[in-house]
Peer 1: 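My questions will all concern the structure given below.
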Number of protein chains: 2
Amino acid sequence: MSETRETPELWLHNQICFAVHSTAHAFTAAYKPHLDPLNLTYPQYLVMLLLWEKDDQSVSELGKPLFLDSGTLTPLLKRLQATGYINRTRDHNDERVMRITLTDAGKTLKQKAVCIPHEMLETMGMSVEQVMALGQDVRKLGQALRSDAGSRS
Amino acid sequence: MSETRETPELWLHNQICFAVHSTAHAFTAAYKPHLDPLNLTYPQYLVMLLLWEKDDQSVSELGKPLFLDSGTLTPLLKRLQATGYINRTRDHNDERVMRITLTDAGKTLKQKAVCIPHEMLETMGMSVEQVMALGQDVRKLGQALRSDAGSRS
DNA sequence: ATCAATTAAATTGCACACAATTAAATTGAC
DNA sequence: GTCAATTTAATTGTGTGCAATTTAATTGAT
């Protein structure tokens with residue numbers, strides 16, 4: 001009685017959104033065996049990537065490229081601090097901002113992490129060119145979704 | 001000192017994984033204005049899609065295509081029940097399985113939901129063909145990630 | 001028929017993610 | 001200089017998502 005044969009646009013597996021959603025989770029699961037030995041979750045790994053690119057950033061500087069706010073980052077950063085990879089200290093010039101810096105352990109960790117992207121590439125079973133092209137398309141889609149949301153104000 | 005110029009493979013924005021991850025969140029945010037009026041979250045919407053395709057499914061039947069287990073689904077389904085869209089009743093033949101069925105309100109809701117995919121397509125700013133092609137590539141990537149995880153046992 | 005696997009959900013504990021509110025510091029208009 | 005906006009994090013509350021354990025029901029080997 002509640003058939004969907006007449007509304008194929010509602011089929012779960014037709015929806016690109018679900019493809020992106022479930023592939024994101026598959027990525028997190030695929031990263032897990034690589035990140036567990038480093039005592040990092042995937043979101044924590046993303047923060048570490050940013051700090052390895054540029055040490056000493058504020059919470060909002062880290063949040064901007066990740067599209068995350070302090071509600072998510074504050075507890076995550078406290079866990080990274082507890083693990084011993086980062087320091088959290090107030091900026092002396094502006095006591096509002098929290099400066100995030102790498103500890104020695106956090107800097108050393110980078111050496112163990114450099115091989116992960118290559119290992120993940122093998123897991124994906126794609127060439128570098130294919131990955132770059134697909135990544136570009138997915139990024140463009142993400143930008144379209146975010147810019148449209150902004151146009152609604 | 002902690003420069004990453006020599007390790008571009010660690011740049012956040014080179015990583016397809018982050019593109020997929022952040023686009024998934026952008027999707028959830030873009031769906032929100034469409035789903036709020038229906039009193040649904042995005043994961044709840046996915047469950048409703050499955051039930052609109054085929055009413056009367058067990059928790060594990062719903063979980064298989066979504067890659068979710070009872071740990072996630074049980075509380076989610078209880079919320080859908082509290083909202084009044086589904087019934088949760090034990091199977092009479094096998095008291096272990098919980099049968100999920102649509103209420104009248106849940107069936108009626110489908111009419112309000114059919115327009116969402118089309119509205120989202122406009123938000124994405126892509127043709128149907130482009131969306132289908134990209135969806136196919138992303139799905140294939142997700143399958144590769146999951147099958148490799150399975151080969152590790 | 002009985003009891004050890006097996007199966008299906010539920011539960012518990014931890015870690016995001018986001019909206020909304022709060023708190024503290026800074027800036028700026030006057 | 002003072003006080004109202006603004007800015008930066010932190011906090012609170014809700015909702016996933018997943019691993020690991022628990023509970024209850026069923027199956028199967030004997």
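Within every chain, numbering begins at 1; the chains are lettered A, B, ... in the order of the sequence lines, protein sequences first and strands thereafter. Basis for what follows: all heavy atoms, side chains included, without hydrogens, waters or symmetry-related copies.
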Peer 1: Is there a side-chain contact between A:R99 and A:D56 in this structure, where contact means two heavy atoms from C-beta onward sitting under 4.5 Å apart?
Peer 2: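 Result yes, sub-4.5 Å side-chain heavy-atom pair found.
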
Peer 1: Report yes if at least one side-chain N or O of B:R99 is closer than 4.0 Å to OP1 or OP2 of C:dA9; otherwise report no.
Peer 2: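 No, outside the criterion.
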
Peer 1: Find the distance A:L66:CG to C:dC16:P and express it as a whole number of Å.
Peer 2: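 Going from A:L66 (CG) to C:dC16 (P), I get 12 Å.
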
Peer 1: Measuring only between side-chain heavy atoms, which start at C-beta, is A:D137 closer than 4.5 Å to B:V138?
Peer 2: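 No, too far: nothing below the 4.5 Å cut-off.
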
Peer 1: Does C:dA10 have OP1 or OP2 under 4.0 Å away from a side-chain N or O of B:R88?
Peer 2: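 B:R88 to C:dA10 OP1/OP2: side-chain N or O found under 4.0 Å.
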
Peer 1: Please find the earliest and latest nucleotides of DNA chain D, in the 5' to 3' direction, that have an atom within less than 4.0 Å of any heavy atom of chain B.
Peer 2: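 With heavy atoms of chain B under 4.0 Å away, the range is D:dG15 to D:dT26.
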
Peer 1: Could you list, one pair per line, each protein nitrogen or oxygen that sits under 3.5 Å from a nitrogen or oxygen of nucleotides 1-7 of chain C, together with the distance?
Peer 2:
residue, atom, partner, partner atom, Å
C:dT7, O2, B:R96, NH1, 2.9

Peer 1: Answer whether the closest heavy-atom distance between the side chains of B:L51 and B:L62 falls below 4.5 Å.
Peer 2: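 Side chain of B:L51 against side chain of B:L62, heavy atoms only: contact under 4.5 Å found.
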
Peer 1: A:Q136: what forms a side chain to side chain contact (heavy atoms under 4.5 Å, CB included) with it, not counting sequence neighbours?
Peer 2: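 Result, side chain to side chain contact (heavy atoms under 4.5 Å, CB included) vs A:Q136: A:R139.
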
Peer 1: Reading DNA chain C from 5' onward, which residue's closest nucleotide shows up sooner: B:G71 or A:E95?
Peer 2: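 Upstream on the strand: B:G71.
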
Peer 1: Grab the NZ-P distance between B:K32 and C:dA19 for me, whole Å please.
Peer 2: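 Interatomic distance, NZ of B:K32 to P of C:dA19: 7 Å.
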
Peer 1: Given side chains that start at C-beta, do those of B:L50 and B:E61 come closer than 4.5 Å, heavy atoms only?
Peer 2: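 Contact flag for B:L50/B:E61 side chains = no.
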
Peer 1: Take atom CG of A:D91 and atom P of C:dA24, then tell me their distance rounded to the nearest Å.
Peer 2: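 Result: 19 Å.
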
Peer 1: Does a side-chain heavy-atom distance below 4.5 Å link A:I16 with B:M124?
Peer 2: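 They are in contact (side-chain heavy atoms under 4.5 Å apart), so the answer is yes.
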
Peer 1: Are OP1 or OP2 of C:dT11 and a side-chain N or O of B:S70 less than 4.0 angstrom apart?
Peer 2: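 So the side-chain polar atoms of B:S70 never come under 4.0 Å of the phosphate oxygens OP1 or OP2 of C:dT11.
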
Peer 1: By nearest heavy atom, map B:D69 and B:Q44 onto DNA chain D; which one lands nearer the 5' end?
Peer 2: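 With B:D69 and B:Q44 compared, the 5'-side residue is B:Q44.
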
Peer 1: Which whole-number value in Å describes the distance from B:F18 CZ to C:dA17 C1'?
Peer 2: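 In whole Å, C:dA17 C1' and B:F18 CZ are 14 Å from each other.
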
Peer 1: Any side-chain N or O of B:H21 under 4.0 Å from OP1/OP2 of C:dC16?
Peer 2: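 No, because none of the side-chain N or O atoms of B:H21 sits under 4.0 Å from OP1 or OP2 of C:dC16.
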
Peer 1: Quick check: do B:L80 and B:R88 have side-chain heavy atoms less than 4.5 Å from each other?
Peer 2: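 No - every pair of side-chain heavy atoms lies 4.5 Å or more apart.
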
Peer 1: Within the 4.5 Å heavy-atom criterion, are A:L134 and A:M126 side-chain neighbours or not?
Peer 2: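 Side chain of A:L134 against side chain of A:M126, heavy atoms only: contact under 4.5 Å found.
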
Peer 1: Starting at atom CG of B:L68, determine the distance to atom P of C:dA8, rounded to an integer number of angstrom.
Peer 2: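 So the two atoms are 16 Å apart, to the nearest Å.
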
Peer 1: Quickly work out the A:H92 NE2 to C:dT26 P distance and round it to whole Å.
Peer 2: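 Atom-to-atom, A:H92 to C:dT26, this comes out as 13 Å.
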
Peer 1: May I ask you to say what A:S60 touches in the nucleic acid, namely base, sugar-phosphate or nothing, with a heavy-atom cut-off under 4.0 Å?
Peer 2: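 Here A:S60 touches the backbone only, sparing every base.
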
Peer 1: Look up atom CZ in A:F27 and atom CE in A:M120, then write down how far apart they are to the nearest 0.5 Å.
Peer 2: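 One gets 5.5 Å once the value is rounded to the nearest 0.5 Å.
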
Peer 1: How is B:S58 classified with respect to the nucleic acid when contacts are heavy atoms under 4.0 Å: base, sugar-phosphate, or nothing?
Peer 2: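 Here B:S58 touches the backbone only, sparing every base.
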
Peer 1: Between C1' on C:dA15 and CG on A:D36, what's the gap in Å once rounded to a whole number?
Peer 2: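 Atom-to-atom, A:D36 to C:dA15, this comes out as 13 Å.
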
Peer 1: Please work out if A:N93 contacts a base, only the sugar-phosphate, or nothing of the nucleic acid, heavy-atom cut-off 4.0 Å.
Peer 2: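 It contacts sugar-phosphate atoms only.
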
Peer 1: B:V59 has a side chain; which of C:dC16, C:dA9, C:dA17 sits nearest to it?
Peer 2: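 Of the options given, the side chain of B:V59 lies nearest C:dA9.
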
Peer 1: What pairs meet the side-chain hydrogen bond (donor to acceptor under 3.5 Å, both in side chains) rule with one or both residues in residues 16-32 of chain B, with sequence neighbours excluded?
Peer 2: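 For residues 16-32 of chain B, and leaving out neighbouring residues, the side-chain hydrogen bond (donor to acceptor under 3.5 Å, both in side chains) pairs sorted by first residue read A:Q15-B:Y31, B:K32-B:D36.
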
Peer 1: Is there a side-chain contact between A:V97 and A:V59 (heavy atoms, below 4.5 Å)?
Peer 2: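 No - every pair of side-chain heavy atoms lies 4.5 Å or more apart.
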
Peer 1: Show which side-chain atoms of residues 65-75 of chain B pair as donor or acceptor with protein atoms under 3.5 Å away, not counting sequence neighbours.
Peer 2:
residue, atom, partner, partner atom, Å
B:D69, OD1, B:G71, N, 3.1
B:D69, OD1, B:T72, N, 3.4
B:T74, OG1, B:S70, O, 2.9

Peer 1: Tell me which residues in residues 73-85 of chain B lie within less than 4.0 Å of DNA chain C, going by non-hydrogen atoms.
Peer 2: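 Of all residues in residues 73-85 of chain B, the ones placing a heavy atom under 4.0 Å from DNA chain C are B:T74, B:K78.
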
